[in-house]
Q: 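This is the structure I want to talk about, given as structure tokens.
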Amino acid sequence: MVKYSAEALNETFAALADPTRRAILTRLAQGETSTTALAEPFDVSLPAVMKHLRVLEDAGLIIREKEGRVSLCRLNAGPLQHVAEWINAYEQFWRIKLEGLEAHLGRKHERHHP
């Protein structure tokens with residue numbers, strides 16, 4: 001199994017646990033944008049969105065840079081790749097288990113229906 005820092009995975013999963021943060025990441029997957037533009041579709045205050053951005057930034061999922069008076073955000077998908085690889089290891093585990101069950105059931109079916 002692929003090994004990653006438990007702390008990094010915990011931070012990434014915690015950041016992804018919130019639907020607002022997932023929506024922000026979905027928007028940033030389309031390209032860099034300002035924090036003000038990110039806040040527009042949400043029915044929360046700009047300070048609340050800024051808190052979400054801080055969580056995403058702490059998890060390494062976004063990069064924020066200041067250009068003059070505008071704060072821009074862009075996606076950093078690296079941590080998502082680590083999560084995908086971690087999940088993939090379990091997908092492989094379950095595929096092997098299900099293939100074993102399928103083989104077992106096939107053998108059982110063959111014994112009862114020659």
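Everything numeric here is computed off the predicted structure, so don't read it as measured data. Quick note: residue numbers are just sequence positions, from 1.
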Q: Residues two or more places apart in sequence or in another chain: which of them pass side-chain contact (heavy atoms from CB on, under 4.5 Å) with Glu91?
A: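 Partners of Glu91 under the side-chain contact (heavy atoms from CB on, under 4.5 Å) test: Asn88, Arg95.
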Q: Do Ile87 and Leu80 share a hydrophobic cluster, counting only Ile, Leu, Val, Met, Phe, Trp and Tyr and linking them when any side-chain heavy atoms are less than 4.5 Å apart?
A: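 No, Ile87 does not connect to Leu80 through the hydrophobic network.
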Q: Could you tell me which residues satisfy ring pair (Phe, Tyr, Trp, His ring centres under 6.0 Å) with Phe13, sequence neighbours excluded, listed by chain and number?
A: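 For Phe13 the ring pair (Phe, Tyr, Trp, His ring centres under 6.0 Å) partners, ignoring immediate neighbours, are Trp86.
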Q: For Leu28 and Cys73, work out which heavy atoms get closest and say how close.
A: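 In this case the closest contact between Leu28 and Cys73 is CD2-O, 3.4 Å.
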Q: Only distances under 3.5 Å count here; give the side-chain donor-acceptor pairs of residues 53-70 to other protein atoms, sequence neighbours excluded, each with its distance to 0.1 Å.
A:
unit_1 : atom_1 : unit_2 : atom_2 : d
Glu57  : OE1    : Arg64  : NE     : 3.1
Glu57  : OE1    : Arg64  : NH2    : 3.0
Glu65  : OE1    : Arg74  : NH1    : 3.2
Glu65  : OE2    : Arg74  : NH1    : 3.3

Q: Closest heavy-atom contact between Leu72 and Glu32?
A: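 Nearest pair, atom of Leu72 first, then Glu32: CD1-OE1, 3.6 Å.
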Q: Got a sec, which residues hit side-chain hydrogen bond (donor to acceptor under 3.5 Å, both in side chains) with Ser34, two or more places apart in sequence or on another chain?
A: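 side-chain hydrogen bond (donor to acceptor under 3.5 Å, both in side chains) check on Ser34 returns nothing, list empty.
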Q: For residues 17-25, please give each side-chain donor-acceptor pair under 3.5 Å, one per line with the distance, not counting sequence neighbours.
A:
unit_1 : atom_1 : unit_2 : atom_2 : d
Asp18  : OD1    : Thr20  : N      : 2.8
Asp18  : OD1    : Arg21  : N      : 3.2
Arg21  : NE     : Ala15  : O      : 2.9
Arg21  : NH1    : His52  : ND1    : 3.1
Arg21  : NH2    : Ala14  : O      : 3.2
Arg22  : NH1    : Leu16  : O      : 2.7
Arg22  : NH1    : Ala17  : O      : 3.1

Q: Show me the donor-acceptor pairs within less than 3.5 Å that the side chains of residues 40-48 make with the rest of the protein, sequence neighbours left out.
A:
unit_1 : atom_1 : unit_2 : atom_2 : d
Ser45  : OG     : Ala48  : N      : 3.2

